[in-house]
Structure formats: C-alpha cells, structure tokens
Asks: 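Take this structure, written in structure tokens, and hold onto it; I'll ask about it next.
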Amino acid sequence: MKEIEKEKALTFIEPGPVVLVTSYDGRKNNIMTISWTMAIDFAGHIVITTGPWNHSFETIMRSRECVVCIPNASMIETTVKIGMTSGTNTDKFKTFGLTALPAKYVQAPLIAECLACMECKVVDYVEKYGFIVLHVERVVENEALQDRRMFHAVGDGTFIMDGDKEEYRQLMAAKLPPGL
Ligand SMILES: Cc1cc2nc3c(=O)[nH]c(=O)nc-3n(C[C@H](O)[C@H](O)[C@H](O)COP(=O)(O)O)c2cc1C
C-alpha cells in the first residue's frame with residue numbers, strides 16, 4: 001500500500017448519484033447541482049450539503065422545501081453546467097431546456113427529464129457542516145426513460161457512470177424494511 005494525499009479520501013467515499021435540487025423563491029424556479037448527498041435512515045430522511053454561497057440555499061431555508069431530482073447519464077453535461085451557473089440572474093430551466101412540472105406537496109418544481117424526483121421538506125440544519133436534513137414527502141419516477149444509468153462525482157472533475165447491477169437481496173433480507 002502506498003500513502004497518497006489525505007485530500008483524496010473523498011474520492012473513495014463520495015460516489016453517490018449527482019442530483020439536481022430545485023427550489024422556488026416565490027418568483028422564480030431555480031436548480032442547483034449537488035454531489036454531496038447521503039441517505040441516513042429508512043424513515044425517508046436524506047441529507048444534502050450546501051451553504052449560503054449558493055442562491056438556492058437561502059430559498060430552500062426560507063421556503064423549508066425543495067425537490068431532489070436524479071438526472072440520467074445523458075444529462076451529465078447539462079448537470080455540470082447547471083452547477084457552474086448562478087440562478088441569481090439566470091432562468092436555468094430556460095437556459096438548459098428543462099421542463100418544470102408541478103409537484104404535489106411543495107412549490108418547487110419537478111424536472112420532467114429526470115429519472116426520479118423527490119419532493120422534500122426541510123426538517124433540520126446542521127450549520128457547522130452545511131447539512132440540510134430533508135424528509136421525502138413524495139417520490140415520482142419517469143419509467144419511460146430508456147437510459148436508467150445515474151452518474152457519480154468522484155470529486156476531482158471526473159464522473160462514474162452506473163455499470164452492472166448485482167443483487168444480494170436474499171443475503172440482506174433480515175436488514176431490508178418492507179417496501180424496499
Ligand atoms: C458536479 C457538481 C457538483 C456540485 N456539488 C455541490 C454540492 O454538493 N454542494 C454545493 O453546495 N454545491 C455544489 N455544486 C455547486 C453548485 O451547484 C453551484 O454553486 C450552483 O451554481 C449553485 O446555483 P445557485 O447559486 O443558483 O443556487 C456542485 C457543482 C457541480 C458542477
């Protein structure tokens with residue numbers, strides 16, 4: 001084993017799916033890209049990590065809601081560009097040719113082009129680490145999309161596309177809750 005830079009630790013830990021988070025400030029829809037996400041329990045809580053340097057942060061904290069959407073592999077370039085653009089003066093839905101659909105429980109929109117969208121309410125915030133704890137109120141899936149691959153940020157500007165899927169449900173049966 002060869003010692004490498006400590007900064008590279010996250011490149012081994014990070015690869016969850018990159019997500020698009022929508023918000024609505026009462027005037028305009030916005031989207032941001034987030035790669036720092038985490039599922040934390042079987043009760044519908046997830047965490048997104050962000051902070052006041054993003055326009056979306058203030059909107060999410062004020063409205064106490066957002067939608068977490070999962071782009072497929074064909075959306076990778078758009079997803080990176082969304083994460084390189086501020087929504088302060090830009091309508092990202094228009095600029096990136098995405099379709100906003102109404103959600104049921106929140107004002108923030110779904111993104112029609114994504115694999116799935118989760119309507120979420122903010123239930124907690126850990127300021128020190130920028131953890132916004134969300135409760136998922138509703139999930140919608142776009143079953144018509146052929147390309148089911150998600151993609152994962154390594155953290156250094158490279159991405160991993162989903163590959164083969166293997167099933168170990170039998171082995172994990174005792175730990176899987178009903179409905180999964
Ligand atoms: C691949 C990628 C991943 C990103 N992940 C995060 C993240 O996890 N947390 C965060 O605060 N910003 C992240 N960003 C940056 C925001 O998406 C970016 O600052 C965006 O412009 C915010 O938009 P807004 O100011 O309109 O809210 C990421 C950007 C890219 C390109």
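These numbers come from a predicted model, not from an experiment. Counting convention: from 1, in listed order, for ligands and their atoms alike.
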Asks: What part of Phe151 sits under 4.0 Å from ligand 1 if we count only heavy atoms: the side chain, the backbone, both or neither?
Replies: neither
Asks: For Glu119 and Leu110, work out which heavy atoms get closest and say how close.
Replies: OE2-CD2, 3.9 Å
Asks: Closest by any non-hydrogen atom to atom 13 (C) of ligand 1: pick that one out of Ile31, Thr33, Ile34.
Replies: Thr33
Asks: So is Ser86 touching ligand 1 or not, going by heavy atoms under 4.0 Å?
Replies: yes
Asks: Closest non-hydrogen protein atom to atom 15 (C) of ligand 1, residue and atom name please, with distance?
Replies: Gly83 O, 3.7 Å
Asks: Which ligand 1 atoms, with their elements, are less than 4.0 angstrom from a heavy-atom of Asn30?
Replies: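 Matching atoms, with element in brackets: 24 (P), 26 (O), 27 (O).
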Asks: Any carboxylate oxygen within less than 4.0 angstrom of a Lys/Arg side-chain nitrogen, looking at Lys121 and Glu65?
Replies: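 Yes.
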Asks: Relative to atom 12 (N) of ligand 1, which among Lys81, Met32, Glu58 owns the nearest non-hydrogen atom?
Replies: Met32
Asks: Quick check: does any side chain N or O of Tyr24 sit under 3.5 Å from a backbone N or O of Gly26, one acting as donor and the other as acceptor?
Replies: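 Between the backbone of Gly26 and the side chain of Tyr24 there is a qualifying donor-acceptor contact (under 3.5 Å).
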Asks: Would you mind telling me if ligand 1 is within reach of the side chain of Ala153, the backbone, both or neither, using heavy atoms under 4.0 Å?
Replies: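 The answer is neither; Ala153 stays 4.0 Å or more away.
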Asks: Just to confirm my output: which protein heavy-atom neighbour is closest to atom 23 (O) of ligand 1, and how far is it?
Replies: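 Going by distance alone, atom 23 (O) of ligand 1 is nearest to Lys92 NZ, 3.0 Å.
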Asks: Just need the protein heavy atom nearest to atom 21 (O) of ligand 1, so name the residue and atom and give the distance.
Replies: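 Going by distance alone, atom 21 (O) of ligand 1 is nearest to Thr85 O, 2.8 Å.
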Asks: Do Phe57 and Ile34 sit in one hydrophobic cluster, given that two such residues count as connected whenever their side-chain heavy atoms are within less than 4.5 Å of each other, even indirectly?
Replies: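 Yes, one cluster joins them.
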Asks: Purely on distance, is any nitrogen or oxygen of Met84 under 3.5 Å from one on ligand 1?
Replies: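 No.
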Asks: Please write down residue, atom name and distance for the protein heavy atom closest to atom 22 (C) of ligand 1.
Replies: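 Minimum-distance protein heavy atom for atom 22 (C) of ligand 1 reads Asn54 OD1, 3.1 Å.
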Asks: Starting from atom 5 (N) of ligand 1, find the nearest protein heavy-atom neighbour and note its residue, name and distance.
Replies: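 The closest heavy atom on the protein side is Ser35 N, 3.1 Å.
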Asks: Which protein heavy atom lies closest to atom 1 (C) of ligand 1, and at what distance to 0.1 Å?
Replies: Phe159 CZ, 3.7 Å
Asks: Can you give me the closest heavy-atom contact between Cys117 and Val67, atom names plus distance?
Replies: CB-CG1, 3.8 Å
Asks: Backbone N or O of Thr88 within a donor-acceptor pair of the His55 side chain at under 3.5 Å?
Replies: no
Asks: Are Val19 and Val136 connected, step by step, through hydrophobic side chains (Ile, Leu, Val, Met, Phe, Trp, Tyr) whose heavy atoms are closer than 4.5 Å?
Replies: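 They do share one cluster, since a chain of ILVMFWY contacts under 4.5 Å joins Val19 to Val136.
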Asks: Does ligand 1 come near enough to Thr79 that some N or O of the ligand is less than 3.5 Å from an N or O of the residue?
Replies: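 Not met; the criterion fails.
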Asks: So between Thr50, Val80, Thr49, whose heavy atom ends up nearest atom 7 (C) of ligand 1?
Replies: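 When every heavy atom of Thr50, Val80, Thr49 is considered, Thr49 comes closest to atom 7 (C) of ligand 1.
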Asks: Does Thr78 use its side chain to pair, donor to acceptor, with the backbone of Phe96 at less than 3.5 Å?
Replies: no
Asks: Atom CZ in Arg148, atom CG in Asp162: separation rounded to 0.5 Å?
Replies: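 Answer rounded to 0.5 Å: 11.0 Å.
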Asks: Any sub-3.5 Å donor-acceptor pair from Asn72's side-chain atoms to Arg149's backbone N or O?
Replies: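 No: the side chain of Asn72 does not pair with the backbone of Arg149.
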Asks: Does the residue Phe57 have a heavy-atom contact with ligand 1, meaning some pair of atoms that are separated by less than 4.0 Å?
Replies: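 Per 4.0 Å heavy-atom rule, Phe57 does not contact ligand 1.
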Asks: Among all protein non-hydrogen atoms, which one is nearest to atom 25 (O) of ligand 1, and what is the separation to 0.1 Å?
Replies: His55 N, 2.9 Å
Asks: For atom 26 (O) of ligand 1, grab the closest protein heavy atom and report residue, atom and distance to one decimal in Å.
Replies: Gly87 N, 2.6 Å
Asks: Should Thr88 be counted as touching ligand 1, given the test is an N or O pair under 3.5 Å?
Replies: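 The answer is no, given that Thr88 and ligand 1 share no N or O pair closer than 3.5 Å.
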Asks: For Asn89, is the CG atom crowded, meaning more than 12 foreign heavy atoms sit under 6.0 Å from it?
Replies: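 Counting neighbours around CG of Asn89, 12 or fewer heavy atoms of other residues, nucleotides or ligands fall under 6.0 Å, so no.
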Asks: Has Glu58 got more than 12 heavy atoms of other residues, nucleotides or ligands less than 6.0 Å from its CD?
Replies: no
Asks: Mark up the atoms of ligand 1 that fall under 4.0 Å of a heavy atom belonging to Ser56, in ascending order.
Replies: 24 (P), 27 (O)
